[in-house]
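As structure tokens, the structure follows; a few thoughts come after it.
All values derive from a computational prediction rather than experimental measurement. Note on naming: letters A, B, ... go to the chains in the order of the sequence lines (proteins, then strands), and numbering restarts at 1 for each one.
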Amino acid sequence: MEIPKTFNPAEAEAKWYPYWMENGYFRSVPDEREPYTIVIPPPNVTGVLHMGHMLNNTIQDVLIRRARMLGKNACWVPGTDHASIATEAKVVAMLREKGIKKSDLSRDEFLNYAWEWKEKYGGIILDQLKKLGASCDWERTRFTMEDDLSEAVIDVFIDLYKKGYIYRGLRMVNWDPAGLTAVSDEEVIHKEVQSKLYHVRYVLVDKDEAFDANDRIALQNKIDKGETITIATVRPETILGDTAVCVHPDDPRYQHLKGKFAIIPMVNRRVPVIFDDYITMEFGTGCLKVTPAHDINDYNLGLKHGLEVIDTLNPNGTISEAAGFYIGEDRFVVRKKIAKDLDAMGLVVKIEDYVNKVGFSERTDAVIEPRLSLQWFVSMKDFSKPALDAVMNGEVKLIPEKFINTYKHWMDNVRDWCISRQLWWGQRIPAWYDNQGNFTVCKTKEEAFTSLQQKNAIVKVDEIFQDEDVLDTWFSSWLWPISVFDGFKDPNNKDINYYYPTNDLVTAPEILFFWVARMIIAGYEYRGKKPFNNVYLTGIVRDKQGRKMSKSLGNSPDPLDLIGKYGADGVRVGMLLSSPAGNDLLFDEGLCEQGRNFSNKIWNAFRLIKGWEVDDKITQPPSNLTAIRWFTAKLNDSIMEINDHYEKLRISDALMSMYKLIWDDFCAWYLELIKPAYQQPIDAKTYEATLQLLEQLLRIMHPFLPFISEEVWHLIRDRKKGDDLIIAQWPQAGASDKSLLHSFSTAAEIITEIRNFRQTKGVSPKETLELKYSTASGGDAIRDFKDSIIKLANLSSLEETKDKPSGTFPFVIKEFECYIPLSESVDKEAEKDRLEKELDYIQGFLKSVNAKLGNEKFVSNAKAEVVAVEQKKKSDAEARVKAIEVALSSL
RNA sequence: GGGGGCAUAGCUCAGCUGGUUCAGAGCAUCUGCCUUACAAGCAGAGGGUCCGCGGUUCGAACCCGUGUGCCCCCACCA
């Protein structure tokens, strides 16, 4: 049978994924074994797989596959998030295309469309994850808006309301005039923009002085007399909502204004001049116009000074009737118009260019307007305390640790969480109102009726209305680690008791507060336990120029295309090659190519082994036995190293150790050592040992490259049913053999030196060479690997010599003097030069070691091991000096 | 404005308790090879003031101070 030269990933992927599924290998149910649990960070149900998901889910799959092989009951729970804002936006857009306006639909009609959309297009991302090889327990797939999870959300809301953590309040919120909803602080992106700072005069009047702002002559008169005050603002359209003017109480310029009033232009409103040390005297004119409805500071000033609140904005960002002018026009249009109109009245003193920060909606990119509205909040101050403690005392570990500081800073300054959203897609807030302004929080209208009757005896059932708003999506996803196991519905069920707390959470640092912190809060509140042990924070996937990958930039490759091109294994390796936890990954397709090449390397190692003819009559050459012993020792070392990396969640380090073990040690050295001569058979013992070693490697490889490893696993032997790599046991590290490893590294150095000699002297690898050596030490290294050196360096002989042969090329490896006899004459001077340089180096080294050992402070202060190491260095260096001197004397 | 992080080879990063003349890996580069597993490969090689300066120490890439340059997060200066 001819095995193709290159590995065909698509075939293996199509074969093994369904096979694993059919055999139920991803399925997990509670049993006697130790559980290992990961809950997926649920992607938006509207989402399509992007590079961030690839990275994130590859890591999760690596962890879960290794845990499975370690014999744990591995459970990876998948699912999707209903993503209120994003999904509603998609549905609205879809309806618009059909010519349907959301405003023409009833809530129920709209939700019908939304569910229809969700069933049809939602969750394709989960199928995409399968292409990557994600070994989730698909039977456990959950959705944050399915009935059980929604019920949990409602119950939690009611519970927290009863506990006093949830309150309803008139608050300044970040209003998204495009999305027509309040958004949380975290969903606002502040950007620096070029603005204009308008300096505008307000006329000053005495308490009882009559004045008409629209009387041009009176106005001019005031201006001429200087009876005005100048404010500075970047949002002149809000002037119509001003209800005070504020200066600093200590500002000498404004002392005469006590008891005065200012006239708001156009609307002719008489507002007080108030004094507050909130004002920065140095900024602008030192005089602030106060608009309590449209600025958080102004709102606070308003509360303090009892100011009127005039809301001049409609929800969609147009000017409201309350403003009296420009009604229905967009705020940015009005900004220009009012500036012009005020200028015409002679009220604009100057307009400066000014750079300030403006908040934009993360979802719609609209300029956020601070707006007063009635919203629901979770009071966070005390509530979040356990979550801060858990991270600070290490009960929940953040990886990498550098995020602990950020986390602490945020938790120390935590603000109340606005959880209401003016949307329809989501869990509707279980609050009920009567027409008298009373409300109650409960599950059903019937309960609400009973409850409201106590406050308002005459209330009728059909006069009770449920809150129109839904809850923030995070208010459902913060329950995820509990709700996926039905821990609210049935708090004592088998699953939740078995799988919770979960082990590792893999997610992005951007949602450390949105999601991770809140899950920890919910975990302690509802289970009395943390939701997970470790939080592995991945970096952001960026393009080669370091830009964040985004749809709008078009710089993100389609992961499925990449899988088609390089194979799922190749892409998985590519994603992990350069992404230690917390570091951004500068993605380069070349990494996937490297991953694919690695798959191919494995494939060819398999082809080589598979191609050997096995002859059980040949006795095993001792050099093969040594090679097997050496590689076994190397393998054991590597397993320990890789396990250590995994325990510290250094995933890319684990990958790199495996990569080098297979490519360098196994392929480049081991297979070359045991490879029979052309068309010669191999002895049965070596063959069997090699298969066993390869099987160990396949196990180590499997979490990273599940497809090719499973494929090769089945190709190298006939397997009984159920003997599949995915559930094979993770290798146990046996004892290492340091002295054999050391001998081999000496042998390898000698081989490399001879190859180097060929390269520099232009001696073909096909031409045999002789090698003589002598050593003051025992010489085990060469004896152990004598045949191997002969084979890999293509020697005709390798002999120990007591002489210092002349007419040779001398070199020194460790304590060995080596000589390659030459037919042509040797350039003695050049060789002498080379050796002398080496001698200089090693003598310098020796000198520094001696200095160190001669230093009493070192010997007395340093640890005993360190001193012993220095002593060993000293004797090694001395042996080497001697060897070089001997070699030199041959010249 | 507040907080945090980073600076090591051309690139991406290791360097875990300060202890080798310690300066490392992968990729990229250069040289030679179509050698009978693999050119998606083999063999070999070059490449660095560990950001600058000062200090602590027997010993510093690592600890401390300082300067410079990048990055991120948070925040209400109109």
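- Sequence order on RNA chain B of the closest nucleotides to A/Lys873 and A/Lys648 puts A/Lys648 first from the 5' end.
- Relative orientation of the A/Phe704 and A/Tyr646 rings is parallel, given thresholds of 30° and 60° on the angle between their planes.
- Searching all strands for a Watson-Crick or G-U wobble partner of B/rG69 with both distances below 3.5 Å returns B/rC6.
- In this structure, B/rG54 and B/rC64 make a Watson-Crick or G-U wobble pair, each of the two defining distances being under 3.5 angstrom.
- Across all strands, A/Gly611 comes closer than 4.0 Å to no nucleic acid atom at all (heavy-atom distances).
- Contact between the side-chain N/O atoms of A/Asn604 and the OP1/OP2 oxygens of B/rA40 is not found at any separation under 4.0 Å.
- Nucleotides B/rG47 and B/rA23 place their C1' atoms 13 Å apart, quoted to the nearest Å.
- Residue A/Thr6 places no side-chain N or O under 4.0 Å from the OP1 or OP2 atom of B/rA40.
- Pair assignment for B/rU21: none, as no Watson-Crick or G-U wobble contacts are both less than 3.5 Å.
- Comparing B/rG5, B/rC76, B/rA45 by their closest approach to the side chain of A/Thr752 singles out B/rA45.
- Base pairing of B/rC76 is not made with any nucleotide, judged by Watson-Crick or G-U wobble geometry with both donor-acceptor distances under 3.5 Å.
- Taking the C1' atoms as reference points, B/rU57 lies 13 Å from B/rC62, given to the whole Å.
- Applying the 3.5 Å distance criterion, the base of B/rA37 shares a donor-acceptor pair with the side chain of A/Glu672.
- Within the 4.0 angstrom heavy-atom criterion, no nucleotide atom of any strand lies near A/Gly595.
- Side-chain proximity of A/Arg650 to the nucleotides B/rG15, B/rA37, B/rG26 is greatest for B/rG15.
- Comparing the P positions of B/rU56 and B/rU49 gives a spacing of 27 Å, expressed to the nearest Å.
- Of the candidates B/rC58, B/rA78, B/rC73, the closest approach to any side-chain atom of A/Thr280 belongs to B/rA78.
- OP1 or OP2 of B/rC42 sits under 4.0 Å from a side-chain N or O of A/Trp663.
- Between the side chain of A/Asn534 and the backbone N or O of A/Lys397, no donor-acceptor pair lies under 3.5 Å.
- If you measure from atom CD of A/Glu641 to atom C1' of B/rG15, you get 13 Å, rounded to the nearest angstrom.
- Contact check, A/Lys601 against B/rC42: a side-chain N or O comes under 4.0 Å of OP1 or OP2.
- Ring-centre distance between A/Phe403 and A/Tyr407: not below the 6.0 Å cut-off.
- The residue A/Cys667 sits close to a base: some heavy atom pair falls under 4.0 Å.
- For A/Asn756, the side-chain atoms get nearest to B/rG44 when compared with the rest of B/rG26, B/rA37, B/rG44.
- For the C1' atom pair drawn from B/rA75 and B/rG15, the interatomic distance equals 37 Å after rounding to whole Å.
- The aromatic rings of A/Phe666 and A/Tyr670 sit parallel to each other, their planes meeting at less than 30°, with 60° as the upper class boundary.
- When Watson-Crick and G-U wobble pairs are counted only if both distances are under 3.5 Å, B/rA37 pairs with no nucleotide at all.
- In this entry B/rC42 has B/rG32 as its Watson-Crick or G-U wobble partner, both defining distances falling under 3.5 Å.
- Comparing B/rG26 with B/rU8, their C1' atoms are spaced 15 Å from each other, to the whole Å.
- Here A/Ala668 lies in heavy-atom contact (under 4.0 Å) with sugar-phosphate atoms only.
- Of the C1' atoms belonging to B/rC63 and B/rC16, the separation is 16 Å, rounded to the nearest Å.
- OP1 or OP2 of B/rC27 sits under 4.0 Å from a side-chain N or O of A/Tyr659.
- For the side-chain contact (heavy atoms from CB on, under 4.5 Å) criterion with A/Arg755, the lone passing option out of A/Ile750, A/Leu792, A/Val763 is A/Leu792.
- Between A/Lys847 and A/Phe7, the one whose closest nucleotide on RNA chain B sits nearer the 5' end is A/Lys847.
- With A/Glu870 as reference, A/Lys873 is the one residue of A/Lys873, A/Lys872, A/Lys874 to meet the side chain to side chain donor-acceptor pair (under 3.5 Å) rule.
- For B/rC76, the OP1/OP2 oxygens have no side-chain nitrogen or oxygen of A/Tyr299 closer than 4.0 Å.
- The side chain of A/Asn855 approaches B/rC58 more closely than any other nucleotide in the set B/rA78, B/rC58, B/rG3.
- When each of B/rU31, B/rU12, B/rC73 is scored by its nearest atom to the side-chain atoms of A/Thr406, the top-ranked nucleotide is B/rC73.
- When the P atom of B/rC73 is taken as reference, atom NE2 of A/His409 falls 14 Å away, rounded to whole Å.
- Nucleic acid contact for A/Trp612: none, since no nucleic acid atom lies under 4.0 Å from a heavy atom of the residue.
- Nucleotides B/rU35 and B/rU29 are separated by 24 Å at their C1' atoms, to the nearest Å.
- Nearest to the side chain of A/Asn405, among B/rG5, B/rA37, B/rA43, sits B/rG5.
- For B/rC38, the base has no donor-acceptor partner in the side chain of A/Lys5 [N/O atoms by modelled type, under 3.5 angstrom].
- Here the side chain of A/Lys852 is nearest to one of B/rG19, B/rA37, B/rU12, namely B/rG19.
- A distance of about 15 Å separates the P atoms of B/rA43 and B/rA28, rounded to the whole Å.
- For A/Lys660, the side-chain atoms get nearest to B/rA25 when compared with the rest of B/rA25, B/rA78, B/rG4.
- Below the 3.5 angstrom threshold, one finds a donor paired with an acceptor across the side chain of A/Arg596 and the base of B/rA40.
- Taking a cutoff of 4.0 Å between a charged side-chain nitrogen and a carboxylate oxygen, A/Asp637 and A/Lys738 qualify as a salt bridge.
- Other residues, nucleotides and ligands contribute at most 12 non-hydrogen atoms within 6.0 Å of the CD atom of A/Glu401.
- Across all strands, A/Tyr407 comes closer than 4.0 Å to no nucleic acid atom at all (heavy-atom distances).
- Under the 4.0 Å criterion applied to side-chain N and carboxylate O atoms, A/Lys565 and A/Glu589 are assigned as salt-bridge partners.
- Using a 4.0 Å heavy-atom distance criterion, A/Ile296 is classed as a sugar-phosphate-only contact.
- Closest approach to the A/Lys766 side chain among B/rU21, B/rU35, B/rG26 is made by B/rU35 (side chain taken as heavy atoms from C-beta onward).
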